[in-house]
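First up is the structure itself, then whatever we jot down about it.
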Protein chains: 2
Amino acid sequence: MTPKSVSDAKAALLDISGVLYEGDTALPGAADALARLRQAGFPFRLITNTSRSPKRMIVEKLTRLGFEVSAEDVVTTASVACAAMKADGVKPYLLVHPDLLEDLPDQAAEPDAVLLGDAAQHFTYEKLNEAFRILIEGGKFYALGKNRYFKGASGLELDAGAFVAALEYASGAEARLIGKPSPDYFREAAREIGADPATTLMVGDDVEADVLGAIEAGFMAALVREGKFRAGDEETAKKGGAHVAASLEEIVEELLA
Amino acid sequence: MTPKSVSDAKAALLDISGVLYEGDTALPGAADALARLRQAGFPFRLITNTSRSPKRMIVEKLTRLGFEVSAEDVVTTASVACAAMKADGVKPYLLVHPDLLEDLPDQAAEPDAVLLGDAAQHFTYEKLNEAFRILIEGGKFYALGKNRYFKGASGLELDAGAFVAALEYASGAEARLIGKPSPDYFREAAREIGADPATTLMVGDDVEADVLGAIEAGFMAALVREGKFRAGDEETAKKGGAHVAASLEEIVEELLA
């Protein structure tokens with residue numbers, strides 16, 4: 001399979017953590033690269049499986065780190081989940097981080113579904129039990145992400161996927177994944193900017209969820225050697241038909257060439 | 001496959017919850033049946049995946065419900081785990097219910113393995129993270145049970161298996177199961193009474209973990225129509241070469257016939 005060249009892309013989806021910043025530091029050249037994309041009128045959206053923060057806080061953090069962004073630039077899993085749950089006509093039990101509640105409907109009095117995000121220390125036995133009882137009665141299960149872990153301030157931390165696995169194992173229910181690498185999520189972001197997946201480049205640091213996931217969904221993809229990138233990922237990405245670049249800066253050079 | 005008849009068995013392993021009692025009530029005839037086994041000098045052991053209570057409390061509860069039992073009658077997963085971890089030369093992080101600590105070694109200062117039991121509300125995000133970090137560094141993983149859920153006082157509750165699944169998914173480590181249906185656990189109980197698995201009858205209310213698990217391990221098995229027994233289990237048990245009886249009372253009749 002010969003991938004199109006990066007310069008063939010007419011739109012871009014950018015992962016946030018590991019592409020724009022890492023921890024609490026902007027990656028070198030990333031803010032300038034994003035500004036150049038915008039100045040060139042190149043269509044893009046920022047996408048992320050992070051579910052500890054509402055869209056408002058994601059934009060605030062990016063702004064604090066020197067990125068010029070607004071709420072419209074970001075497509076969160078919470079907003080996509082809201083649409084999916086509304087379409088399904090369900091009333092979810094919200095097993096999510098309290099900070100995320102501002103992006104979600106009110107907690108239903110008699111929930112018949114479960115929405116799970118990265119609730120961090122709010123994953124308690126009591127709350128997991130409540131979710132489990134809804135699922136074993138046949139309730140629908142929505143997961144904002146199924147990521148295994150991420151690098152936090154004090155070391156590796158369990159991400160939402162671990163708790164999705166716990167509830168799936170115990171209840172026999174299968175979660176519908178809202179975030180990456182769900183094709184629906186990539187497509188919703190592309191739809192917002194009127195982009196054709198075949199000429200939209202997904203840029204990420206996670207070879208599985210970002211890069212191979214996007215290609216599976218019919219997108220072009222590029223892996224950056226930053227964030228959670230590890231030796232060996234480069235070969236995996238190339239085998240899958242993706243590009244590999246040092247950074248967002250390098251990719252923007254090519255996109256605007 | 002024609003199973004031996006129950007009266008061919010020369011020893012018995014009895015599950016506790018669902019065979020001797022349910023919730024806080026002794027099952028009809030169970031205390032008398034156990035007393036008859038003992039009076040007849042018929043070798044038996046009580047086995048259980050419960051890991052919320054130490055052996056002392058298991059014996060206390062049985063005594064309170066009218067069963068004549070002593071600590072030697074019970075083989076717990078904790079004691080089998082201690083032997084396994086000692087043989088492996090590991091220092092475990094103890095992700096268990098505090099009540100179980102009296103049956104386990106002291107928490108190691110620098111653990112290189114994880115022992116997981118049904119910690120109930122003591123499954124916190126912080127503790128799960130600590131366990132996860134040991135496992136992702138290559139630490140060995142021991143699970144007292146992998147049961148999905150059980151019927152508690154206020155409804156169904158998540159059992160240890162859900163949290164085993166969470167840590168396995170996130171870390172890629174695979175837990176070594178200590179309790180049922182691990183063949184090692186059945187065999188250790190049989191070894192204690194000098195019994196041959198081929199003529200030892202496992203009696204339980206869980207068609208998968210108790211009955212099919214025991215047969216898989218080379219034992220005879222009987223399912224009782226009590227505890228978590230559900231319509232359909234009877235056929236599953238018989239297909240697997242097991243006997244089915246109304247209760248322990250009925251089985252003891254046959255064992256002593």
Side-chain angles (χ1 to χ4, degrees), chain A residues 49 51-52 95-98 114 116-139 141 143 145-175 177 208-209 228 230, chain B residues 51-52 93 95-98 114 116-139 141 143 145-175 177 208-209 228 230:
Chain A
N49 274 16
S51 57
R52 284 195 187 185
L95 185 51
V96 299
H97 197 286
V114 171
L116 186 151
D118 175 15
Q121 69 271 34
H122 305 279
F123 281 121
T124 63
Y125 183 68
E126 287 71 18
K127 287 180 181 173
L128 287 163
N129 253 341
E130 288 193 59
F132 163 69
R133 289 172 185 175
I134 294 165
L135 297 177
I136 198 134
E137 293 294 328
F141 190 10
K146 282 192 71 172
N147 301 61
R148 294 166 200 271
Y149 58 89
F150 65 95
K151 199 172 174 178
S154 64
L156 297 181
E157 289 192 47
L158 290 168
D159 208 327
F163 300 90
V164 173
L167 290 172
E168 286 186 333
Y169 177 80
S171 70
E174 196 182 337
L177 174 64
E208 298 291 339
K228 65 171 70 168
R230 291 288 171 273
Chain B
S51 56
R52 285 194 187 184
Y93 174 77
L95 185 50
V96 299
H97 197 286
V114 171
L116 187 151
D118 175 16
Q121 67 270 35
H122 305 279
F123 281 122
T124 64
Y125 183 68
E126 287 71 19
K127 288 180 181 172
L128 288 163
N129 254 340
E130 287 192 60
F132 163 69
R133 288 172 185 175
I134 294 165
L135 297 176
I136 197 127
E137 292 295 326
F141 191 10
K146 281 193 72 171
N147 302 60
R148 295 165 199 271
Y149 59 89
F150 64 96
K151 199 172 175 180
S154 64
L156 297 181
E157 288 192 47
L158 289 169
D159 208 327
F163 299 90
V164 173
L167 290 172
E168 286 186 334
Y169 176 80
S171 71
E174 197 182 336
L177 175 64
E208 297 291 339
K228 64 171 71 168
R230 292 288 171 273

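Chain letters run A, B, ... following the sequence lines, proteins first and then strands; every chain starts at 1.
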Task: Side-chain donor or acceptor of Arg148(B) paired with backbone N/O of Ser171(A) under 3.5 Å - done: no

Task: Engaged part of Glu126(A) at the chain B interface, taking heavy atoms whose separation is under 4.5 Å - done: side chain

Open item on the list: Tell me if a side-chain donor or acceptor on Tyr169(A) pairs with a main-chain N or O of Lys146(B) at a distance below 3.5 Å.
Closed with: yes

TODO: Please step through side chain to side chain contact (heavy atoms under 4.5 Å, CB included) for the pair Phe123(B) and Leu128(A), ending with a clear verdict.
DONE: CA-CA 10 Å; Phe123(B) 281 122; Leu128(A) 287 163; over 6 Å; no

Task: Exam field: side chain Tyr149(A) to backbone Asn129(B), donor-acceptor pair closer than 3.5 Å - done: no

- [ ] Would you name the heavy atoms of Ala166(A) and Ala165(B) that are closest together and state the gap between them?
- [x] CA-CB, 4.4 Å

TODO: Specify the closest pair of heavy atoms between Arg52(B) and Tyr125(A), including all atoms of both residues, with the distance to one decimal.
DONE: NH2-OH, 2.9 Å

